[in-house]
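Everything below concerns the one structure shown next.
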Amino acid sequence: MKDRIVDKLRQYRDLSDAQLRELIKSPAHDEALMQAADAVRREWYGDKVYLRGLIEFTSYCKQNCLYCGLRAGNKRAQRYRLSEEEILACCEEGYRLGYRTFVLQGGEDPYYTDEMICGITAAIKERFPDCAVTLSIGEKPRESYERYYRAGADRYLLRHETADPVHYARLHPDNMSMENRRRCLRDLKEIGYQVGAGFMVGSPYQTTECLLADLRFLQELQPDMIGIGPFISHKETPFKDEKNGTAELTLRLLSILRLMFPYVLLPSTTALGTIHPSGRELGLKAGANVVMPNLSPVQVRDKYAIYDNKICTGEESAQCRGCLERRIESAGYRAVTDRGDVRRAKSAVKMEE
Ligand code: SAM
Ligand code: SF4
Ligand code: FES
């Protein structure tokens with residue numbers, strides 16, 4: 001289907017602010033966007049879908065983000081921590097299932113000192129030298145990021161959450177700042193990590209202007225990975241009565257991101273699978289090329305409750321593996337067993353005036 005704006009975005013990887021606003025707001029371009037995004041992901045990554053084994057190793061968090069069920073202020077949250085041995089056992093199972101990237105994610109939990117994080121990272125790299133280790137443990141001083149990198153961590157996921165300062169302040173308590181979040185992302189890039197940024201879709205107070213700012217911020221940062229998923233309310237947070245983000249807008253943004261950043265690693269997230277029964281399959285069709293199956297031990301899964309009704313909390317890792325394989329195939333793609341590093345960005349074609 002011919003669509004002038006979509007064709008232009010595909011060609012130049014960029015548009016004017018007015019044209020981007022139009023794409024974000026209007027469903028009229030959705031079909032053309034999805035087709036173009038799928039064509040571009042196939043040019044860059046074929047039909048491959050990369051698997052990342054997600055180990056949610058601590059549900060303790062000292063922060064108080066207003067949207068998140070793990071926030072320190074949620075006194076009803078069930079908290080747990082995994083030991084190094086338990087984490088390694090998850091990796092063992094993940095390796096058997098064909099995963100070659102392990103993502104260690106958790107709340108900001110001071111129980112895990114830098115030394116412990118380095119020890120766990122080094123132990124995984126020693127036992128599984130052909131695997132990548134991704135950390136996603138929040139905001140830290142540069143020196144900590146440097147230590148984890150020296151211990152062998154390859155990648156770091158830290159969503160910027162929103163690039164609009166007023167919106168940022170409405171989602172976070174006063175002790176958190178957009179400046180520090182950005183400082184972290186800059187440090188991580190300079191140190192040499194493959195870096196993932198991203199944001200929630202449909203978070204409270206988010207406007208089209210916020211999303212436009214997110215896209216412009218990502219152009220500046222040039223991350224290797226971009227994680228987006230719908231906001232889903234959690235009943236024990238200040239946002240308990242807020243509306244969830246939609247699958248429709250999340251899919252539209254996935255396609256826009258694929259066209260703006262053809263090389264990027266783009267997950268089809270669990271949150272998307274939570275708000276729509278075939279959300280993850282649709283995410284792949286809209287341009288995503290990564291899925292992050294849960295590898296955490298089944299007995300702790302429902303305790304990592306970032307939002308309500310999260311899927312995959314009752315299933316064993318092997319069940320999720322089989323289920324995902326079928327879903328990926330039904331969408332017309334192929335799950336692959338390799339590290340799936342980013343294909344380096346070729347610079348964008350300059351846009352005509
Ligand atoms: N603590 C680390 C951090 O904040 O970067 C990593 C864990 S945190 C739970 C991972 C991501 O979950 C956040 O970056 C946020 O975008 C997402 N998240 C938190 N609450 C959410 C909610 N209610 N709905 C959807 N996503 C949410
Ligand atoms: Fe903690 Fe991350 Fe949740 Fe914020 S989003 S409360 S830092 S786990
Ligand atoms: Fe976990 Fe389907 S992917 S049960």
Side-chain angles (χ1 to χ4, degrees), residues 51 53-74 77 79 97 103-110 112 134-140 156-162 168 171-173 175-176 180-181 184-185 188 196-204 206 214 226-240 242-245 250 267-275 277-281 291-296 298 301 304-328 330 335:
L51 303 171
L54 180 64
I55 305 169
E56 298 159 334
F57 70 99
T58 172
S59 68
Y60 284 84
C61 187
K62 67 173 190 190
Q63 298 288 18
N64 239 330
C65 307
L66 274 70
Y67 42 83
C68 178
L70 301 186
R71 65 200 303 272
N74 178 6
R79 309 287 179 176
L97 295 171
V103 182
L104 301 187
Q105 190 181 78
E108 291 195 18
D109 181 359
Y112 294 90
T134 304
L135 297 177
S136 179
I137 53 176
E139 298 176 20
K140 305 275 177 182
Y156 204 102
L157 304 181
L158 185 76
R159 290 184 176 181
H160 65 280
E161 310 297 2
T162 174
Y168 192 95
L171 299 181
H172 298 96
N175 68 316
M176 294 179 80
N180 194 48
R181 200 91 183 161
C184 290
L185 285 164
L188 289 162
F199 55 90
M200 287 176 291
V201 177
S203 58
Q206 186 178 63
D214 286 324
I226 302 176
I228 67 164
F231 160 76
I232 305 176
S233 70
H234 185 290
K235 61 184 177 313
E236 299 292 340
T237 65
F239 290 159
K240 62 180 188 314
E242 299 289 340
K243 276 209 308 264
N244 292 342
T250 307
S268 191
T269 54
T270 305
L272 186 53
T274 299
I275 56 158
S278 32
R280 284 170 300 176
E281 294 88 314
V291 286
M292 298 172 66
N294 201 319
L295 257 188
S296 312
V298 165
R301 287 218 190 157
Y304 198 82
I306 321 175
Y307 46 77
D308 291 336
N309 306 316
K310 190 169 165 229
I311 52 170
C312 298
T313 51
E315 282 75 12
E316 292 288 347
S317 302
Q319 284 175 291
C320 278
R321 174 68 170 98
C323 172
L324 265 183
E325 178 104 36
R326 286 189 295 278
R327 286 172 186 270
I328 292 167
S330 77

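One-based numbering, in listed order, for ligands and for the atoms of each. Values in this document were obtained by computation on a predicted structure and should not be read as measured data.
Interface atoms of ligand 1 facing Ser136, defined by a heavy-atom separation under 4.0 Å, are 6 (C). Close contacts between ligand 2 and Cys65 involve ligand atoms 4 (Fe), 5 (S), 6 (S), 7 (S) [criterion: under 4.0 Å to a heavy atom]. Interface atoms of ligand 2 facing Gly107, defined by a heavy-atom separation under 4.0 Å, are 8 (S). Distances below 4.0 Å separate heavy atoms of Tyr304 from the following atoms of ligand 1: 7 (C), 9 (C). Residue contact check: Cys61 has heavy atoms under 4.0 Å from atoms 1 (Fe), 6 (S), 7 (S), 8 (S) of ligand 2. Each of the following atoms of ligand 1 lies closer than 4.0 Å to a heavy atom of Ile306: 9 (C), 18 (N), 19 (C), 20 (N), 21 (C), 23 (N), 27 (C). Listed by atom number, the atoms of ligand 3 under 4.0 Å from Leu324 heavy atoms are 3 (S).
The nearest protein heavy atom to atom 1 (Fe) of ligand 2 is closer than 4.0 Å.
Side chain of Asp308 to main chain of Lys235: a donor-acceptor pair is present (N/O by atom type, distance under 3.5 Å, no hydrogens or angles). Without hydrogens or angle criteria, Asp109 side chain to Ser59 main chain gives no donor-acceptor distance under 3.5 Å. Between the Arg181 side chain and the Arg159 main chain, a donor and an acceptor come within less than 3.5 Å of each other. The closest donor-acceptor contact from the side chain of Gln206 to the backbone of Met200 lies under 3.5 Å. Here the side chain of Arg79 pairs no donor or acceptor atom with the backbone of Thr58 at under 3.5 angstrom. Put simply, the side chain of Lys243 never gets that close to the backbone of Gly202: no donor and acceptor are under 3.5 Å apart. No side-chain donor-acceptor contact under 3.5 Å links Arg71 to the backbone of Thr237. A side-chain donor-acceptor contact under 3.5 Å links Tyr156 to the backbone of Gly138. Remark: side-chain polar atoms of Ser268 are paired, donor with acceptor, to backbone N or O of Arg280 under 3.5 angstrom. In terms of modelled atom types and a separation under 3.5 Å, the side chain of Glu325 and the main chain of Ala335 share no donor-acceptor contact.
Residue Cys61 does not touch ligand 1, judged by heavy-atom distances below 4.0 Å. Counting heavy atoms under 4.0 Å from ligand 3, residue Arg280 touches it through the side chain alone. At a 4.0 Å heavy-atom cut-off, ligand 1 does not touch His234 at all. Contact annotation: for Tyr156 versus ligand 1, there are no heavy atoms closer than 4.0 Å.
Considering backbone and side-chain atoms alike, Gln105 places every N or O at 3.5 Å or more from each N or O of ligand 1. Ligand 1 has no nitrogen or oxygen under 3.5 angstrom from a nitrogen or oxygen of Ser233. Considering backbone and side-chain atoms alike, Glu161 places an N or O below 3.5 Å from some N or O of ligand 1. Considering both main-chain and side-chain atoms, Gly107 never comes within under 3.5 Å of ligand 1 through any nitrogen or oxygen pair.
With a 4.5 Å cut-off on side-chain heavy atoms, Phe199 and Thr162 do not count as touching. Using a 4.5 Å heavy-atom threshold, the side chains of Ser330 and Glu281 count as touching. Thr250 is not listed as a side-chain neighbour of Thr269, based on a closest heavy-atom distance of 4.5 Å or more. A 4.5 Å side-chain heavy-atom check between Ser317 and Arg301 finds at least one atom pair inside the cut-off.
With respect to atom 3 (Fe) of ligand 2, the closest heavy atom belonging to the protein is Cys68 SG, 2.4 Å. In this structure, the protein non-hydrogen atom closest to atom 4 (S) of ligand 3 is Glu315 CG, 3.5 Å. Protein heavy atom nearest atom 22 (C) of ligand 1, with residue, atom name and distance: Ile232 O, 3.5 Å. Closest to atom 17 (C) of ligand 1, if we only count protein heavy atoms, is Arg159 NH1, 3.8 Å. Among all protein heavy atoms, the one lying closest to atom 6 (C) of ligand 1 is Gly106 O, 3.4 Å. Counting only heavy atoms of the protein, atom 25 (C) of ligand 1 lies nearest to Pro230 O, 3.4 Å.
Cys323 lies apart from atom 1 (Fe) of ligand 3 in this respect, since none of its N, O or S atoms is found at a distance under 2.8 Å.
Atom CG of Asn180 sits in a crowded spot, with more than 12 heavy atoms from other residues, nucleotides or ligands closer than 6.0 Å.
Across the listed options Met200, Arg181, Lys310, Glu242, Arg181 owns the non-hydrogen atom lying nearest to atom 3 (C) of ligand 1.
Between the SG atom of Cys320 and the SG atom of Cys312, the angle centred on atom 1 (Fe) of ligand 3 amounts to 110° when rounded to 10°.
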